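The structure presented is a predicted model; accordingly, all values stated were derived computationally and were not measured.
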Amino acid sequence: MSPLLRTSRYFPPKFKQLILQSSLSTVSTTQHGGDSPSRLGPPPIRVDFTESAGRGVFSTRFITAGELIHTANPVVSHPFLSKCEVVCYFCLRRLKSRNCTEQFCSEECKEHSKAFYELEKRTDWSVYHKYCSTHGLKYPLLVKRLTCMVIAGAASENCLDILQPAEVLPEIEEEHSLLRTAFEAADTTEESLKFLSNQWYANVLARIRINAFRVEMVSGLYGDLLSSALASEEADSGVGNAVYILPSFYNHDCDPNVHIIWMDNVHARLKALRDIEEDEELRICYIDASMDFDVRQNVLLKGFGFKCSCNRCLSGD
């Protein structure tokens with residue numbers, strides 16, 4: 001598979017209102033300084049255009065350090081293949097027992113994923129998973145899960161269209177063929193698979209590869225936000241990948257003012273790392289911020305398609 005670039009995920013003007021409607025309806029806001037959502041509704045942010053990086057996320061009021069800005073649930077998620085038997089199928093929470101035959105942590109998760117779980121479980125994924133494992137691929141697993149959701153009516157086939165795709169599309173003919181063959185072998189109707197074209201697969205994968213987050217759990221509750229950030233960085237806490245809408249609109253900074261964390265499941269929390277002024281852009285770090293300047297520049301250019309010009313990089317730090 002050819003390498004892909006992740007850009008700043010610029011969105012065209014016609015999608016701006018759709019972005020606000022689709023993203024803000026799935027997040028929650030808090031009282032100033034609080035960590036528990038106090039009500040459903042718009043968080044203290046707005047999505048707007050930046051001077052040089054396309055769209056971005058900005059504060060609509062002063063945000064205090066440590067404040068929970070908003071939360072977000074994923075459009076689609078999937079555990080690493082090595083974690084499939086130890087985390088919840090739906091929310092990626094660690095199961096109580098490694099020998100547990102039940103793949104859900106709660107009845108709620110089981111109910112939420114009932115339709116597409118049954119479809120996924122009756123399909124033989126051995127060849128598809130082997131292909132992904134052999135080639136070190138993780139994002140096709142998200143395409144597989146999303147395809148199941150679309151077939152089951154749990155998601156629309158264009159639910160990721162609002163996200164910016166990678167500039168370089170992958171060579172996905174073999175992956176697409178393996179996915180479609182698996183569904184056909186499970187007697188999935190041709191009508192149900194009508195949307196699953198080579199082009200649809202490529203478009204979805206391009207968006208997933210540039211917008212997916214690696215989900216790393218923070219074990220335990222941390223009063224100090226910096227401690228929680230370090231905990232998720234240092235621990236072997238990765239459990240899978242997920243794609244969100246609103247968090248995908250955040251631009252990168254090597255000295256970010258916002259951090260995204262996962263306490264014990266795929267429900268993401270975005271917190272302020274420092275005080276943030278009204279109308280200031282909110283930024284997260286796409287990579288390990290502890291890397292030195294040259295390494296960061298190389299990783300961002302090769303992996304995300306841009307040369308970072310944040311204040312930290314401009315200073316040569």
Side-chain angles (χ1 to χ4, degrees), residues 26 73-160 172 174-198 200-201 204-205 207-209 212-215 217 238-244 262 264-268:
T26 60
N73 287 319
V75 178
V76 60
S77 63
H78 197 289
F80 298 144
L81 290 178
S82 61
K83 300 294 179 96
C84 285
E85 296 182 0
V86 297
V87 300
C88 177
Y89 170 91
F90 184 70
C91 77
L92 308 188
R93 186 193 304 270
R94 292 187 182 277
L95 299 175
K96 294 181 179 179
S97 172
R98 285 180 173 269
N99 298 320
C100 182
T101 56
E102 183 60 75
Q103 291 191 272
F104 299 95
C105 67
S106 67
E107 286 299 318
E108 183 180 10
C109 285
K110 186 174 183 179
E111 185 61 29
H112 276 309
S113 54
K114 182 178 180 180
F116 54 92
Y117 172 77
E118 293 176 353
L119 171 61
E120 189 168 337
K121 285 304 166 184
R122 75 165 186 256
T123 305
D124 181 3
W125 298 110
S126 58
V127 177
Y128 191 76
H129 284 179
K130 183 178 180 181
Y131 179 88
C132 291
S133 180
T134 301
H135 292 81
L137 305 176
K138 50 192 176 182
Y139 300 129
L141 299 174
L142 289 165
V143 182
K144 177 200 75 173
R145 177 66 54 83
L146 182 60
T147 304
C148 290
M149 294 171 69
V150 173
I151 293 174
S156 66
E157 62 185 79
N158 61 355
C159 63
L160 298 185
I172 49 78
E174 186 172 2
E175 289 174 32
H176 170 258
S177 177
L178 292 174
L179 181 69
R180 191 175 182 92
T181 298
F183 281 117
E184 291 172 344
D187 295 325
T188 307
T189 66
E190 183 62 31
E191 182 63 25
S192 297
L193 296 174
K194 189 176 181 180
F195 72 94
L196 186 54
S197 65
N198 192 75
W200 182 87
Y201 188 100
V204 168
L205 184 60
R207 286 169 169 80
I208 286 176
R209 286 178 64 92
F213 286 83
R214 172 185 166 91
V215 178
M217 304 299 181
V239 295
N241 294 101
V243 177
Y244 303 82
W262 296 267
D264 58 3
N265 60 28
V266 78
H267 185 65

Any donor-acceptor pair under 3.5 Å linking the side chain of Y128 with the backbone of P140?
yes

Specify whether F195 and W200 have parallel, tilted or perpendicular ring planes, treating 30° as the upper limit for parallel and 60° as the lower limit for perpendicular.
perpendicular

Going by the angle between their ring planes, with limits at 30° and 60°, are Y244 and W262 parallel, tilted or perpendicular?
tilted

Any side-chain to backbone donor/acceptor pair from K83 onto G238? Under 3.5 Å, distance only.
yes

Which donor-acceptor pairs under 3.5 Å do the side chains of residues 151-158 make with protein atoms, sequence neighbours left out?
residue, atom, partner, partner atom, Å
S156, OG, N158, OD1, 2.9
S156, OG, C159, N, 3.3

Looking at R180, E175, H176, which one forms a side-chain hydrogen bond (donor to acceptor under 3.5 Å, both in side chains) with Y201?
E175

So, the side chain of S133 versus the backbone of H129: is there a donor-acceptor pair under 3.5 Å, distance only?
no

If the test is side-chain hydrogen bond (donor to acceptor under 3.5 Å, both in side chains), which one of K110, Q103, E120 qualifies with Y89?
E120

Can you establish whether the number of heavy atoms outside E184 located under 6.0 Å from its atom CD is more than 12?
yes

Intermediate values then yes/no, side-chain contact (heavy atoms from CB on, under 4.5 Å), F90 and C105:
CA-CA 9 Å; F90 184 70; C105 67; over 6 Å; no

Steps toward side-chain contact (heavy atoms from CB on, under 4.5 Å) verdict (T147, V204)
CA-CA 10 Å; T147 304; V204 168; over 6 Å; no

Sorted by chain and number, sequence neighbours left out, side-chain contact (heavy atoms from CB on, under 4.5 Å) with S82 holds for F80

